[in-house]
Amino acid sequence: MRIAEARVIVTCPGRNFVTLKVVTDDGVTGVGDATLNGRELAVAAYLREHVVPALLGRDPARIEDTWQYLYRGAYWRRGPVTMTAIAAVDTALWDIKGKVAGLPVYQLLGGRCRDGVTVYGHASAATAEELMPEIAGYVGQGYRAVRVQTGVPGLSGVYGVGKPGSVYEPASEGVPAEPVWDTGRYLDHVPRVFADVRAEFGPHLKLLHDVHHRLTPIEAARLGRDLEPFALTWLEDPVPAEWQDGFRLIRQHTTTPLAVGEVFTSIWDCRELITGQLVDYIRATVVHAGGITHLRRIFDLAALHQVRSGSHGATDLSPICLAAALHLDLAIPNFGLQEYMPHSAETDAVFPHGYHYEGGYLHPAETPGLGVDIDEELAARYPYRAASLPVNRLTDGTVHDW
Ligand code: EZ4
Ligand code: CO
């Protein structure tokens with residue numbers, strides 16, 4: 001069997017997605033997510049111009065060899081554009097292997113380690129009053145873990161806080177928006193919110209919070225300490241992800257568990273964090289960290305050091321990435337949690353899939369391969385629309401981390 005064709009499909013059913021569809025000379029197809037939020041066309045060009053021509057005629061069964069060929073062979077290793085492109089190829093080849101074998105991908109990865117994939121939902125609201133019903137809504141649907149984000153008094157909007165009841169969307173059309181950030185107000189407000197949430201929902205609901213890389217290490221250490229009475233499951237992205245030494249400092253001050261990794265693209269970004277046990281959850285994803293093959297390698301290293309998975313699963317990761325994540329989540333011994341934010345109805349229609357949510361768990365499809373596809377005719381009705389993630393500024397106008 002040979003790779004006969006590979007198509008790069010860009011579509012915007014409410015938001016932009018890039019997809020690679022690999023077709024074999026036997027007519028078997030496989031899909032891979034190649035979406036890099038706000039930089040979509042860079043990956044599309046990398047695939048179209050540099051990767052697809054080299055794939056044609058290759059044996060689709062050689063997944064690891066193809067990964068090595070694309071990673072080592074490029075000379076320019078790592079980085080989000082390269083690793084997202086490699087991920088798309090890798091994911092599509094796993095899908096093909098599953099279809100050829102007649103098995104869902106999790107079976108190829110060693111089979112089930114658990115009955116279902118525990119997911120966490122996103123409760124967010126501008127005010128504490130609006131927040132409580134949001135959390136209650138998730139509890140009512142059977143969620144056992146909820147990420148809690150709120151607005152901060154004195155700030156007009158906060159990244160990661162969506163409108164209750166609407167699909168989460170961090171990007172906006174055109175060039176970046178420039179919201180204003182104030183660390184002091186944030187550090188003062190967040191522990192109060194968690195005190196109220198714990199009082200309302202009791203000790204057993206798993207609570208998470210995402211800092212979005214906006215603090216310094218010592219500020220994050222203080223927040224971790226202030227949140228200790230409320231026993232968070234994790235504090236996410238407390239400082240910019242490349243500040244590996246920063247995590248050592250935070251660790252020295254707090255027992256609040258730490259999670260990081262949604263922007264990581266390879267094992268080299270998190271090697272010290274994992275081997276030094278400086279974090280508790282590694283949140284790298286299939287689509288941005290080199291596909292199922294490389295993410296498995298990261299999770300295996302993490303397993304040796306008591307670090308668990310907590311893969312990113314926001315709405316800018318397509319249903320193909322979510323499907324792939326579920327197969328991996330089911331098969332690894334050190335699974336922690338999976339982020340889950342339902343896609344819009346338009347997105348779900350463009351990516352027909354067999355995974356389903358039930359009582360706090362997601363379950364991958366039992367059909368061969370990943371159990372997800374792209375409806376190319378429908379996708380063609382939604383042309384690309386330029387959109388960007390925001391740029392964070394302090395009150396004096398300085399560009400800040402996020
Ligand atoms: O910032 O998906 O945990 N989820 C997040 C998301 C990410 C976006 C980036 O594209 O932090 O909001
Ligand atoms: Co996050």
Side-chain angles (χ1 to χ4, degrees), residues 8-20 32-47 79-81 83-85 87-88 121-126 147 149-151 155-181 210-214 236-237 240-241 261-265 283-289 311-322 325 339-351 374 379 381-393 399-402:
V8 179
I9 304 148
V10 181
T11 181
C12 186
R15 71 159 354 277
N16 293 313
F17 294 105
V18 180
T19 303
L20 181 72
D33 185 16
T35 308
L36 184 62
N37 203 2
R39 296 292 185 268
E40 294 88 357
L41 300 186
V43 184
Y46 190 108
L47 283 167
V81 175
M83 298 307 284
T84 302
H122 274 221
S124 74
R147 188 188 92 158
Q149 307 294 127
T150 68
L155 296 182
S156 59
V158 173
Y159 181 81
V161 177
K163 289 191 200 83
S166 64
V167 172
Y168 180 84
E169 181 49 68
S172 56
E173 280 210 25
V175 297
E178 299 191 15
V180 172
W181 174 251
D210 191 349
V211 180
H212 278 293
H213 312 113
R214 288 173 292 207
E236 176 174 329
D237 294 342
E262 64 184 52
V263 298
F264 288 163
T265 64
R283 302 194 59 259
T285 64
V286 169
V287 58
H288 300 136
S311 283
H312 188 205
T315 42
D316 51 290
L317 285 62
S318 91
I320 299 172
C321 177
L322 181 57
E339 185 177 29
Y340 175 45
M341 303 165 84
H343 292 100
S344 68
E346 292 100 311
T347 297
D348 279 340
V350 167
F351 297 96
I374 180 163
R381 287 196 228 151
Y382 299 105
Y384 169 79
R385 297 204 309 257
S388 309
L389 287 163
V391 171
N392 208 18
R393 286 192 190 273
V399 171
H400 189 58
D401 299 300
W402 74 277

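Since the structure is predicted, the reported quantities are computational estimates derived from the model, not experimental observations.
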Undergrad: Looking at every heavy atom in both G151 and V161, which two are closest together, and how far apart are they?
TA: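 The pair with the smallest heavy-atom distance is N-CG2, 4.0 Å.
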Undergrad: Could you go through L389 and N37, starting from their C-alpha distance and side-chain angles, then the distance that decides it, and tell me whether this counts as side chain to side chain contact (heavy atoms under 4.5 Å, CB included)?
TA: CA-CA 7 Å; L389 287 163; N37 203 2; 3.5 Å; yes
Undergrad: Check whether any side-chain heavy atom of Y159 lies under 4.5 Å from a side-chain heavy atom of N392, and answer yes or no.
TA: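 Not touching, per the 4.5 Å side-chain cut-off.
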Undergrad: Can you list the residues that meet the ring pair (Phe, Tyr, Trp, His ring centres under 6.0 Å) rule with Y382, with sequence neighbours excluded?
TA: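 Partners of Y382 under the ring pair (Phe, Tyr, Trp, His ring centres under 6.0 Å) test: none.
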Undergrad: F264: what forms a ring pair (Phe, Tyr, Trp, His ring centres under 6.0 Å) with it, not counting sequence neighbours?
TA: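 With neighbours one apart ignored, the set is empty.
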Undergrad: Side chain of S311, backbone of A284: donor and acceptor closer than 3.5 Å?
TA: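 Pair found, side chain donor or acceptor close to backbone of A284.
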Undergrad: Tell me whether the rings of W181 and H400 are parallel (<30°), tilted (30 to 60°) or perpendicular (>60°).
TA: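 Rings of W181 and H400: parallel, as their planes differ by under 30°.
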Undergrad: Got a sec, which residues hit ring pair (Phe, Tyr, Trp, His ring centres under 6.0 Å) with H122, two or more places apart in sequence or on another chain?
TA: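 Applying ring pair (Phe, Tyr, Trp, His ring centres under 6.0 Å) to H122 gives Y168.
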Undergrad: Can you tell me if D237 uses its side chain to pair, donor with acceptor, with the backbone of V211 under 3.5 Å?
TA: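 Side chain of D237 to backbone of V211: no pair is present.
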Undergrad: With a 4.5 Å cut-off on side-chain heavy atoms, are D401 and R214 touching?
TA: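 No - every pair of side-chain heavy atoms lies 4.5 Å or more apart.
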Undergrad: What pair of heavy atoms forms the shortest contact from L155 to V180, and how long is it?
TA: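 Where L155 meets V180 most closely, the heavy atoms are CD2-O, 3.8 Å.
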Undergrad: Using the six-membered ring wherever Trp is involved, compare the ring planes of F351 and F17 and label them parallel, tilted or perpendicular (cut-offs 30° and 60°).
TA: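 The arrangement is perpendicular - the two ring planes meet at more than 60°.
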Undergrad: Could you tell me which residues satisfy side chain to side chain donor-acceptor pair (under 3.5 Å) with R381, sequence neighbours excluded, listed by chain and number?
TA: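 In terms of side chain to side chain donor-acceptor pair (under 3.5 Å), with neighbours along the sequence ignored, R381 is linked to no residue.
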Undergrad: Using modelled atom types only, decide if a donor and an acceptor are shared between the side chain of H343 and the backbone of L317 within a distance under 3.5 Å.
TA: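 Flag set: sc H343 to bb L317 pair under 3.5 Å.
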Undergrad: Among H212, H312, R283, which residue satisfies the side-chain hydrogen bond (donor to acceptor under 3.5 Å, both in side chains) criterion with E236?
TA: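 Answer to the side-chain hydrogen bond (donor to acceptor under 3.5 Å, both in side chains) test with E236 among H212, H312, R283: R283.
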Undergrad: Quick check against the 3.5 Å criterion: does T347 have a side-chain atom that pairs as donor or acceptor with the backbone of P13?
TA: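 Flag set: sc T347 to bb P13 pair under 3.5 Å.
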Undergrad: Compare every heavy atom of V286 with every heavy atom of A87, then report the nearest pair and how far apart it is.
TA: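 Answer, listing the atom of A87 first, then V286: CB-O, 3.2 Å.
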Undergrad: Can you see which heavy atom on I9 is nearest to which on A379, and at what distance?
TA: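 Closest heavy-atom pair between I9 and A379: CG2-CB, 4.2 Å.
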Undergrad: Tell me, do V167 and E346 make a side-chain contact under 4.5 Å, heavy atoms counted?
TA: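 In short, these two side chains do not touch, never coming nearer than 4.5 Å.
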Undergrad: Please name the pair of heavy atoms, one in C321 and one in V287, separated by the smallest distance, quoted to 0.1 Å.
TA: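 Closest approach of C321 to V287, heavy atoms only: SG-CG1, 3.5 Å.
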Undergrad: Taking all non-hydrogen atoms of both residues, which atom of A88 and which atom of L47 are closest, and how far apart?
TA: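 In terms of heavy atoms, the two residues are closest at CB-CD1, 4.4 Å.
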Undergrad: Does G313 offer a backbone N or O that forms a donor-acceptor pair with the side chain of E339 under 3.5 Å?
TA: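 Looks like yes, one N/O pair under 3.5 Å.
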Undergrad: Using modelled atom types only, decide if a donor and an acceptor are shared between the side chain of T35 and the backbone of V18 within a distance under 3.5 Å.
TA: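 Yes, T35 side chain to V18 backbone: donor-acceptor pair under 3.5 Å.
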Undergrad: Kindly write out the residues that satisfy ring pair (Phe, Tyr, Trp, His ring centres under 6.0 Å) with H213, not counting sequence neighbours, or none if the list is empty.
TA: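 Here no residue qualifies.
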Undergrad: Can you name the side chain to side chain contact (heavy atoms under 4.5 Å, CB included) partners of R39, sequence neighbours left out?
TA: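 R39 satisfies side chain to side chain contact (heavy atoms under 4.5 Å, CB included) with L36 once adjacent residues are dropped.
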Undergrad: Would you confirm whether S124, through its side chain, and Q149, through its main-chain N or O, come within 3.5 Å as a donor-acceptor pair?
TA: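 Side chain of S124 to backbone of Q149: no pair is present.
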Undergrad: Could you tell me the separation between the CD atom of E262 and the CG atom of D316, rounded to the nearest 0.5 Å?
TA: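 That separation rounds to 8.5 Å.
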Undergrad: Any heavy-atom pair between the side chains of V350 and I374 that's under 4.5 Å?
TA: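 The answer is yes; the side chains approach within 4.5 Å.
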Undergrad: With distance as the sole test, does N16 use its side chain to make a donor-acceptor pair with the main-chain N or O of R385 at under 3.5 Å?
TA: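 Checking the backbone N and O of R385 against the side chain of N16, a donor-acceptor pair under 3.5 Å is found.
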Undergrad: Quick one: OG1 on T315 to CD on E169, what's the gap to the nearest 0.5 Å?
TA: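 Going from the OG1 atom of T315 to the CD atom of E169 covers 5.0 Å.
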